[in-house]
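This report refers to the structure that appears directly beneath it.
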Amino acid sequence: MYRVEKYMDKFETYRLYDLKNNSFFEVVPDRGGVITRFVYSGNEILYLDKETLYDTTKNLRGGIPILFPICGYLKDEKYTIDGREYNMKQHGIARLYKWCVVNTSVDDSASITLKFTSSSETREIYPFDFELIFTYILKNGILTIEQQYINMSEKNMIFYSGFHPYFYIENKDDALIFVDSDVCYDSIDKKQLIFNGKIDSKKPEVNLIFESKSNECHAVDKKRNMKITLKYDEVFKYVVVWSLHDKEFICIEPWMAKPDSMNTKEDIKILKPGEDLKTVFSISASME
């Protein structure tokens, strides 16, 4: 029923199957531990620009990039800790480094565990010793990401993590987004607005930040009669919806904090030495 395969594209790639549900996902450890594909019942769930996957000088556009230790931007790409200024690009460092494969497993599910550990290079950008252990699980057609964030420093570690799933939507005019929130903040027009579930596909860019009241949101692709459901623990307080006019994707992103929170200190997570944070995020799809 479940199977794990490994093959070489430009990068070593793992494919994990749920044969009963005609579903699988692929993960590329060398490119930030990113999940590049998720297929449910033969349907592509994620968008991927393969050129950005193969070209390591480019930010990967597609799949499910991991955002750590920040989500979004920092003002002037700078922040200060203990009186020292650091530079960090948008969405942090986890997506830029190779993750190590800890193990794979096939029993009542297919799973792979990856690890990302701090180094002298990462400490020049983010001055903490840490270990991230993520387990990707495919069971009954549902993709689950179990996360463990560990502070291995001798001081308190601050961070706020998130995910950046690119959902393949061919016709955005036939898509609806449901987030449990009365209003959202339009990061492009710099104003609060009431969201009716429709993406304005004529705008060059859509960038909306929601403070979700629940731990679940949905996208409905009416062209394919498909519903995509995201579930996440309450630590993911915000949902960002991002899209570009000329691209066949809508990103629906669970974040722990808003952009620039490393400077504003709003909603940041603090782990004491030796502490860890465990949390879960899952994606499922169903045919309407």
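When a residue number appears, it is its place in the shown sequence, counting from 1. Hydrogens, waters and symmetry mates play no part in the numbers below; they use all other heavy atoms, side chains included.
Between Asp9 and Tyr54, the shortest heavy-atom contact is OD2-OH, 2.6 Å. Scanning all heavy atoms of the two residues, the minimum distance from Tyr17 to Ala110 falls at O-CB, 3.8 Å. When all heavy atoms are compared, the tightest approach of Ile35 to Ile145 is CD1-CD1, 4.1 Å. Residues Leu53 and Phe11 share a closest heavy-atom pair of O-CE1, 3.2 Å.
Under a 3.5 Å cut-off, the side chain of Ser201 and the backbone N or O of Lys172 do not form any donor-acceptor pair. For the pair Lys223 (side chain) and Glu170 (backbone), a donor-acceptor distance under 3.5 Å is absent.
A perpendicular orientation is assigned to the rings of Tyr149 and Phe134, their planes being inclined by more than 60° (bins at 30° and 60°). Ring geometry for Tyr166 against Phe249 counts as perpendicular: the plane angle is over 60°, on a 0 to 90° scale with 30° as the lower cut. Using a 30° and 60° split on the angle between ring planes, Phe159 and Phe68 fall in the tilted class, from 30° to 60°. Note on ring orientation: taking the six-membered ring where Trp is involved, the planes of Phe195 and Phe210 are perpendicular (angle over 60°, cut-offs 30° and 60°).
The six-membered or imidazole ring of Trp255 lies away from that of His164, with a centre-to-centre distance of 6.0 Å or more. When ring centroids are compared, Phe130 and Phe116 come within the 6.0 Å threshold.
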What do the steps show when you test Ile64 against Ile283 for side chain to side chain contact (heavy atoms under 4.5 Å, CB included), and what is the final call? CA-CA 11 Å; Ile64 310 178; Ile283 300 172; 3.7 Å; yes
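In this structure Glu248 satisfies the salt bridge (Lys or Arg N to Asp or Glu O under 4.0 Å) test with no other residue, sequence neighbours excluded.
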